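Just so it is clear, the structure is predicted and the values come from calculations on it, not from any experiment. Numbering of residues begins at 1 and proceeds along the displayed sequence. Heavy-atom basis, side chains included; hydrogens, waters and symmetry copies ignored.
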Amino acid sequence: MKKPQPFHPRNAHQGHYDFNALCTVCPALKPHIVITPRGEQSINFSDANAVVLLNTALLKQQYQIEHWILPAGYLCPPIPGRADYIHALADLLSHSTGQSLAQISSANTHVLDIGTGASCIYPLLGARIYGWQFTATDIDKISVDTARFIVQHNHGLQKLIKPVLQKDASAIFNGIIRPQDFYHLTLCNPPFYRSLDEASAANARKVQNLARHNQNAVSAKSGVRNFGGQKAELWCEGGELAFIKKMIDESRGYAQQVLWFTSLVSNKENLPALQKALQQAGVLQSQIIEMGQGQKISRLLAWSYNPQIKKV
């Protein structure tokens, strides 16, 4: 068994979940608590309702998100890993500008989230942890409408998070970044799969693996996606590699309006091709940031055209 990888030191989700505390802030979670063979409290992670309620409790307990909803079938993100991305971005911005974390922790830091999803998870975390101001974009109207509902129903977020519908499904930055805009950071968790069939097959394997570890897990034959996901969230033509290449290509047109462009890269085999694309685009600095997240390591690709930032 792989040794668990530590989360970022500032990540609030270290160690095991305190399910007693989580059930206190979200009583609806309590019926979903199960006892593992090791005698520990947990939930059935193949149960979509249980996963959504766990997220609801975590957001309420750690980030004072009192009202959070997720439409059926939409991607339910693992919050600890999403928080790691936000903390990694804070370190990147701090180190490259020479500013302290306190200095960058304000609404003066502007961030663009590409594909925010119905969960609006990155803006929620970034606004609560560092006080950043977000533009949260998506090509899916239901996702944008849900994000707007969440923002409007949580105190203090209305001035920090602006969900925006990307009307051109073939564009990423085009039509979103206006001539007067400047962003310190962009972030993205790109669609990974190349087709619906590929995404569905991967989901079946995931549920089957969960079933092996939990006698109460649903059968892989049910086709239930435990973390959900719509087309725009899960797959696009060419998959992750094509999406990030397009992002790099479009980023050239906004070289002076963004300090750091970033994206998660799920498949490390895509990194050589992406680094070549960055070189061809003429970026002045790029780096790969590894983030330990439980049983896996995630990779964050960052690039900048700004000659004044420090080498990190």
Side-chain angles (χ1 to χ4, degrees), residues 8 10-11 59 63 65 77 79 81-139 143-144 147-148 150-151 154 156-166 171-190 243-244 247-248 250-251 253-265 283 285-287 289 291 298 300-306 309 312:
H8 189 284
R10 294 194 301 277
N11 195 320
L59 287 169
Y63 306 104
I65 303 298
I79 291 175
R82 300 302 191 255
D84 250 30
Y85 192 170
I86 295 296
H87 290 301
L89 289 181
D91 288 343
L92 175 67
L93 185 59
S94 175
H95 295 159
S96 64
T97 61
Q99 295 181 300
S100 67
L101 288 174
Q103 288 174 308
I104 67 167
S105 299
S106 77
N108 292 325
T109 297
H110 292 252
V111 186
L112 174 60
D113 180 20
I114 300 298
T116 195
S119 70
C120 197
I121 193 64
Y122 288 121
L124 294 180
L125 297 178
R128 284 299 197 230
I129 298 172
Y130 294 108
W132 292 344
Q133 187 170 161
F134 279 83
T135 299
T137 72
D138 206 290
I139 64 173
S143 290
V144 173
R148 285 173 179 159
I150 294 170
V151 169
N154 283 282
L157 295 182
Q158 294 84 1
K159 293 183 178 180
L160 292 179
I161 303 173
K162 181 182 179 182
V164 176
L165 180 67
Q166 167 58 279
I172 298 176
F173 302 118
N174 296 340
I176 295 296
I177 301 181
R178 303 167 300 176
Q180 68 270 30
D181 289 338
F182 179 83
Y183 290 99
H184 298 85
L185 300 160
T186 75
L187 65 96
C188 181
N189 183 12
F243 190 94
I244 302 177
M247 188 184 300
I248 292 170
E250 278 195 26
S251 74
Y254 304 95
Q256 306 307 313
Q257 293 181 260
V258 175
L259 189 62
W260 282 104
F261 297 90
T262 76
S263 176
L264 286 178
V265 181
V283 304
Q285 186 177 171
S286 66
Q287 66 169 298
I289 302 169
M291 300 177 291
S298 293
L300 168 61
L301 180 65
W303 66 96
S304 178
Y305 300 89
N306 193 307
I309 57 175
V312 290

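Summarising the geometry of S251 relative to Y305, their closest heavy-atom pair is OG-OH, 2.7 Å, with the distance given to 0.1 Å. Across every non-hydrogen atom of N189 and R82, the tightest pair is ND2-NH2, 3.0 Å. Closest approach of W260 and A302 over heavy atoms only: CE3-CB, 3.8 Å. Counting all heavy atoms, side chain and backbone alike, F134 lies closest to A127 at CE1-N, 3.7 Å. Closest non-hydrogen pair, C188 versus P190, comes out as O-CD, 3.5 Å. Residues R10 and D91 share a closest heavy-atom pair of NH2-OD1, 2.8 Å.
To the nearest 0.5 Å, atoms OG1 (T262) and CG (L187) are separated by 5.5 Å. To the nearest 0.5 Å, the span separating CG on L112 from CG on D181 amounts to 9.0 Å. The NZ atom of K162 sits 14.0 Å away from the OG1 atom of T116 when rounded to the nearest 0.5 Å. In this structure, the separation between CD1 on I86 and CG on L125 is 6.0 Å, given to the nearest 0.5 Å.
A 4.5 Å side-chain heavy-atom check between I172 and Q166 finds every atom pair outside the cut-off. Counting only heavy atoms from C-beta outward, the side chains of F173 and T186 approach each other to under 4.5 Å. Side-chain contact check for N174 versus Y254: some heavy-atom pair is nearer than 4.5 Å. Between N306 and V258 there is no side-chain heavy-atom pair separated by less than 4.5 Å. For the pair W303/M247, a side-chain contact is recorded, criterion being any heavy-atom separation below 4.5 Å from C-beta on. Counting heavy atoms from C-beta on, the side chains of L185 and W132 come closer than 4.5 Å.
Under the 30°/60° scheme for interplanar angles, the aromatic rings of H87 and Y130 are found to stand perpendicular. Ring-plane geometry between H184 and F182 is classed as perpendicular, the angle between the planes exceeding 60 degrees on a 0 to 90 degree scale with a lower cut at 30.
Under 3.5 Å, the side chains of S298 and Y85 contain no donor-acceptor pair of N or O atoms. Under 3.5 Å, the side chains of Y183 and T135 contain a donor-acceptor pair of N or O atoms.
A donor-acceptor distance shorter than 3.5 angstrom exists from the side chain of D84 to the backbone of H8, with no hydrogens or angles considered. In this structure a side-chain-to-backbone donor-acceptor pair under 3.5 Å is missing from S96 to I309. Judged by distance alone, with hydrogens and angles left aside, the side-chain atoms of S94 form a donor-acceptor pair with the main-chain N or O of Q99 at under 3.5 Å.
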Practice problem: Please lay out, stage by stage, how L259 and T97 fare under the test side chain to side chain contact (heavy atoms under 4.5 Å, CB included). | Solution: CA-CA 10 Å; L259 189 62; T97 61; 3.8 Å; yes
Self-check item: Full working for side chain to side chain contact (heavy atoms under 4.5 Å, CB included) between I121 and L59
Solution: CA-CA 9 Å; I121 193 64; L59 287 169; 3.9 Å; yes
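Looking at V111, I161, D113 one by one, the single match for side-chain contact (heavy atoms from CB on, under 4.5 Å) with Y122 turns out to be D113.
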